[in-house]
Structures are given as C-alpha cells and as structure tokens.
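Just so we're clear, the structure is a prediction, and the values are computed from it rather than from any experiment.
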Amino acid sequence: MKYQVVESFSSINGEGLKAGELAYFIRFAGCNLNCSYCDTKWANAADVDFEWQTKAQIYKKIKAAGIKNVTLTGGEPLLQKGIKDLLSFLDQDEQIEVEIETNGSIDLALFKAQGYKRIAFTMDYKLEGSQMEAHMYLANFTALTKDDVLKFVISSPKELEQVAEIVRDYELIDRCHILLSPVYGKIEPLQIVDFMKAKQLNGVRVQLQLHKIIWNPDERGV
C-alpha cells in the first residue's frame, strides 16, 4: 500500500494539546471539503505534486527525525486508501505518539473501533464561516474521547454563540479537550477570551496558531 504524501518536515506543533512541542509532520494530498479559510488549498488541488510512499518509507523518515510527536495532516489524511493499515503500523511503536488532524466529515467510529493505543484525533468542527458546516458528521461528538481534541475555528462573534450551544447540547466538556481557534485576521483573540469569561466556559481553551506568529502566515513546511 502506498500513500500520497505532498510534504514531510520537522517543526513545532502550531496548535493542539502539544502546541510548542517538536513534531514531525506528514502531509497527505487531497480533501473532500473546500473551507473558505483553508490555508493548505494547494495540497488539495487535483494536480498537486505528491510522492507515493509506503508505510515503511514514511516510518523511516519519522524515525530519522528523532522526534516523538508525529502529526498526520492534509488535506484530509483519513481519506487515504489503506490509512488504517498505516495507523496500525505506527501504533506499534511505543516511542512515538501520533496525532491525526481531521476535518469533521469522516466517521471516526470506524477508526476508534481499531483500538489504537497511541493515536489521538484532533477534529475540527466547521462552523458557518467555513461554508462547509453541512458536511459535518455530528455522530463524531460521541466518538471523541479524553485523548482527543475538538477544535472550533472561529471567524465571527456569531459563531461563538453557536459553539457555546454545541458544547452544552452535546455535553462535550468532560468528553474531550476543546479548543477555540480564531481564523487568522478575522476575529481578535480577545473577543474569544471575553466570550469565554461571559459564558463561564470552564474546560475550554483559546488556541492561537503559533506557526503563523513565528513564521510568515503563508510559509509552507513549518
């Protein structure tokens, strides 16, 4: 089995529970969504350059990097044919921890059923500003666990109200980690903090994209 890899590199996690920690990134080609604020549209293009890599080739690069944290991203990595085989393979290595960034449209229960021990999911919920909310798979809220992250990407104050409703209605506070991340340049982080205080959103974190602060927001491979 081979996978469509558009880039792989060492950096820091720009967001998520391990923000600021070293991570080795594997970015896969292709996505089933087209979010208005997507910052990796180039990786989703039908004609994007990619390299076919086996799980052994991917693993060799991971081990050569000498970095414990591994982030599988895209695009949408869960669309890769045979991705379960790759995940099972990586899950056998007790020296690495794998995070998968997924867009919220893929049924996570199909992957949770595999019983992975060292693989966690960081799932987006696409709000109205993404223009992709209709594609969200709502049953995923019950598939998430304490090892997983649910990330809401916020582009307007109106969306903050929606987030509060979702968190309450699906009783998410004790189910998984919850991050609120502003769309770069669309909403001030202070507005999110003020909303969290007003709604007493204990158990929720505001999350800035460190890679866009440290490097140019449009720079690749960071």
Would a line drawn from the ring center of Phe111 to the ring center of Tyr116 be shorter than 6.0 Å?
->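 No.
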Can you tell which of Ser11, Ser8, Ser10 makes a side-chain hydrogen bond (donor to acceptor under 3.5 Å, both in side chains) with Tyr24?
->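 Output: one option passes, namely Ser8.
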Can you tell which of Glu101, Glu99, His177 makes a side-chain hydrogen bond (donor to acceptor under 3.5 Å, both in side chains) with Thr122?
-> Glu99
Is there a donor in the side chain of Asn13 and an acceptor in the side chain of Glu21, or the other way round, less than 3.5 Å apart?
->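 No.
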Between Thr145 and Asp148, do the side chains contain an N or O donor and an N or O acceptor separated by less than 3.5 Å?
->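 Present: a donor and an acceptor within the cut-off.
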With sequence neighbours excluded, residues passing ring-ring contact (aromatic ring centres under 6.0 Å, His included) with Phe152 | Tyr125
Closest non-hydrogen atom pair, Asn140 against Ala109 = OD1-N, 4.5 Å
Could you tell me which non-hydrogen atom of Glu51 sits nearest to which non-hydrogen atom of Lys61, and how far apart they are?
->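 Heavy atoms only, the tightest pair is OE1-NZ, 4.4 Å.
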Could you label the plane-to-plane angle of the Phe141 and Tyr170 rings as parallel, tilted or perpendicular, counting under 30° as parallel and over 60° as perpendicular?
-> tilted
If we only count heavy atoms from C-beta on, is the Thr40 to Arg27 side-chain gap below 4.5 Å?
->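 In short, these two side chains touch, coming nearer than 4.5 Å.
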If you group Ile, Leu, Val, Met, Phe, Trp and Tyr whenever their side-chain heavy atoms sit less than 4.5 Å apart, what else falls in with Leu17?
-> Val149, Leu179
Residues Asp93, Lys63: salt bridge by 4.0 Å N-O rule | yes
